[in-house]
Amino acid sequence: MPTGNVASVSDESSLTLPAERSSLRPMNTEIRDLATLVGQTVTLRGWVHKLRSSGKIAFLVVRDGTGMVQVVCARNDLDDAAWAAVGELDYEASLEVEGEVKQDERSPGGVELLAGDVRLVGASSDYPIQPKEHGIDFLLNHRHLWLRHGRQRAILRVRDEIIHAIREFFYERDFTLIDTPILTGSIGESAGTLFETEYFDLGTAYLAQTGQLYLEPAAAALGKVYCFGPTFRAEKSKTRRHLTEFWMVEPEVAWLDSDGNMALQEEFVCAIVSRVLDRRRAELVELDRDITRLEAIVPPFDRMSYSDAIEILHERGSDITWGADLGAEDETLLTEGREKPLFVFDYPREAKAFYMKENAADPRTVKCNDMLAPEGYGEIIGGSQREDDHDKLLKRIREEGLPEESYDWYLDVRRYGTFPHSGFGLGLERTVSWICGLDHLREAIPYPRMMNRLSP
RNA sequence: UCCGGGGUAGCUCAGUGGCCAGAGCGGGUGGCUGUUAACCACUAGGUCGAGGGUUCGAAUCCCUCCCCCGGAGCCA
């Protein structure tokens, strides 16, 4: 790949389709190609990223999505119309520049464009985001513009890479993608956190908070399946680890037990991290991510039972009692000093969802696990072997006070050829956040939805 | 929902009882042919979150409400 454009490394895709195979033929030269075009006259289109003017000479840094380059506009090289156009430019104006690609040591990166003609395409004035510190509320109010800036572009590209890694991982292992519904009847993990909406004559519909219950029947049809899409939780959470709309990938595998489930999770997370390290290293550098922390993410991950975790927590001064779910502080105590994710498995039944399989060795617990990411990123995966005994599952549904009639079709999976099966859910934004080293989930998704944010 | 911090110019903030409320950045005008968050000069810009109260006098003290940030719980 060409090098030398201003900060352009982070904008280059490492997976570009050869031009002759693509029907997408840009009208103009892309900035990432400039280093191979020294001496030639080209036309660029893009946006003014930075701008400095010195009377009879102006320096623009132009961004086109493939890279950035400094454009030098000298009065003597331009006609009156072009020079007037330069005078009208401001941050984020769009423009068309024709000029000669030059090698120049004074230019950051060594290549610049000496403008011969400049045309203003779309003016921009009083662009709100300045090259200085801004408050998070202001930035989120301008999220649609904030996306244009360096860190955000890097995050979006890492997110995209992770999504590709996820789909490729499952495709390569013969999983079938099952798209589960977003509008559902009252079915999910627990009431009280569902978004509601009117649904014709059928009363209330709810936005899905998991695809799992729809996935289990599909596992009986296809063996290995997964779903990947947005899910919704109406929890009034105000923390760096929660969004009301987030993306979750959920595999479900027939004939897989809890131990195998953890092995799958370990392989999965390692594959994601490894692919980002392979293909998005420049973005990680732009994000100031400590790459050695990611390079340490290789199998195996330690596995610790919930009961052992409680003992360790007691040793470390916690007063948690057996039976309670682990809190944020407990997770921190357990993952402190670890460089890899940690599995905690076999939680108490009361702390977990109704569909998790009872543990034969200790019926107070269920066959489940969480995966806790290092560096304080907390739970990125929750998984379990599912209860495959019809009567035990029905009993649990009744104990939880869930509407039995809503789960009738779900119980059919146990009525007609029940089978051991397991699965898990990985939160995409938490994973993006961890891999990018972000301090809040809201930057890990293009348009975050939170308790008090629905716009833009 | 609970606990803590905050709301002053477009942005980031200073100002904690007393002249017409300040700075930097941004905006405008002028200058500058090698700038790197360019620089220099001049300039415009405010319902001090809202409402009520105390006081001779309130951005500053008190009450109510609204909004934002951080944390907890819940979870991915």
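What you see is a predicted model; the values in this text were computed from it and never measured. Here is the naming used below: chain letters follow the sequence lines, and residue numbers restart at 1 for every chain.
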Take atom [atom1] in [N] and the same atom in [M], then report the distance between them in whole Å.
N	M	atom1	result
G57(B)	U12(B)	C1'	31 Å
C25(B)	A44(B)	C1'	16 Å
C69(B)	A41(B)	C1'	39 Å
C32(B)	C20(B)	P	42 Å
C63(B)	C3(B)	P	15 Å
C39(B)	G34(B)	P	16 Å
G30(B)	C68(B)	C1'	40 Å
G17(B)	C75(B)	P	48 Å

Need the pair for [N]. Rule: Watson-Crick or G-U wobble, both distances under 3.5 Å, any strand; none if unpaired.
N	answer
G51(B)	C63(B)
U33(B)	none
A58(B)	none
A23(B)	U12(B)
U1(B)	A72(B)

What's the [atom1]-[atom2] distance between [X] and [N], to the nearest Å?
X	N	atom1	atom2	result
Asn141(A)	U12(B)	CG	C1'	16 Å
Asp370(A)	C74(B)	CG	P	12 Å
Ile129(A)	A37(B)	CD1	P	18 Å
Ile162(A)	A76(B)	CD1	P	19 Å
Leu326(A)	C75(B)	CG	P	11 Å
Gln212(A)	A76(B)	CD	P	10 Å
Lys50(A)	G34(B)	NZ	C1'	16 Å
Arg241(A)	A72(B)	CZ	P	7 Å

Gly55(A) or His134(A): which one's nearest nucleotide on RNA chain B is closer to the 5' end?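 Here His134(A) is the residue nearer the 5' end.
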
Closest-nucleotide 5' rank along RNA chain B - winner of Leu51(A) and Gly135(A):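 Whichever sits nearer the 5' end wins; that is Gly135(A).
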
With a 4.0 Å cut-off on heavy atoms, is [X] in touch with a base, just the backbone sugar-phosphate, or nothing at all?
X	value
Leu243(A)	base
Thr431(A)	nothing
Phe138(A)	sugar-phosphate
Ala328(A)	sugar-phosphate
Gly378(A)	nothing
Asn76(A)	base

Counting only distance, no hydrogens or angles, is the base of [N] paired donor-acceptor with the side chain of [X] under 3.5 Å?
X	N	result
Ser237(A)	C74(B)	yes
Glu112(A)	G34(B)	yes
His242(A)	C75(B)	yes

Taking atom types as modelled, is there a side-chain donor on [X] or [Y] under 3.5 Å from an acceptor on the other?
X	Y	value
Tyr91(A)	Gln130(A)	no
Thr43(A)	Arg45(A)	no
Glu216(A)	His421(A)	yes
Asp104(A)	Gln70(A)	no
Gln152(A)	Glu443(A)	yes
Thr231(A)	Trp247(A)	no

Give the ring-plane orientation class for His149(A) versus Tyr127(A), where under 30° counts as parallel, over 60° as perpendicular and anything between as tilted.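 Rings of His149(A) and Tyr127(A): parallel, as their planes differ by under 30°.
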
Would you call the rings of Tyr410(A) and Tyr407(A) parallel, tilted or perpendicular, where under 30° means parallel and over 60° means perpendicular?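 Tyr410(A) and Tyr407(A): perpendicular rings.
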
From the set [options], return the single nucleotide nearest to any side-chain atom of [X].
X	options	answer
Phe59(A)	A76(B), A37(B), U35(B)	U35(B)
Ile57(A)	A76(B), G73(B), U33(B)	U33(B)
Ala74(A)	U35(B), U33(B), C75(B)	U33(B)

Of all residues at least two apart in sequence or in a different chain, which pass the side chain to side chain contact (heavy atoms under 4.5 Å, CB included) check with Arg167(A)?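 Listed in chain order: Ile163(A), Leu177(A), Tyr226(A), Phe228(A).
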
Tell me every residue that passes side chain to side chain contact (heavy atoms under 4.5 Å, CB included) with Asp64(A), counting only those two or more places apart in sequence or in another chain.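 Residues passing side chain to side chain contact (heavy atoms under 4.5 Å, CB included) with Asp64(A): Glu30(A), Ile31(A), Thr66(A).
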
Could you work out, with side-chain hydrogen bond (donor to acceptor under 3.5 Å, both in side chains) as the rule, every residue matching Asp126(A), not counting sequence neighbours?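 In terms of side-chain hydrogen bond (donor to acceptor under 3.5 Å, both in side chains), with neighbours along the sequence ignored, Asp126(A) is linked to no residue.
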
Under the rule for side-chain hydrogen bond (donor to acceptor under 3.5 Å, both in side chains), what residues qualify as partners of Asn141(A), not counting sequence neighbours?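 Expected list: Arg453(A).
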
Between the protein and nucleotides 66-70 of chain B, list every N/O to N/O distance that falls short of 3.5 Å.
| unit_1 | atom_1 | unit_2 | atom_2 | d |
| --- | --- | --- | --- | --- |
| G70(B) | OP1 | Arg442(A) | NH1 | 3.0 |
| G70(B) | OP1 | Arg442(A) | NH2 | 2.7 |
| G70(B) | O3' | Arg240(A) | NH2 | 3.3 |

Footprint string (nucleotides 21-30 of chain B, 5' to 3'): B base within contact, S backbone only, - free, heavy atoms under 4.0 Å: ---BBSS---

Kindly say whether the aromatic ring centers of Phe268(A) and Phe424(A) come within a distance under 6.0 Å.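 Here the rings of Phe424(A) and Phe268(A) have centres that are less than 6.0 Å from each other.
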
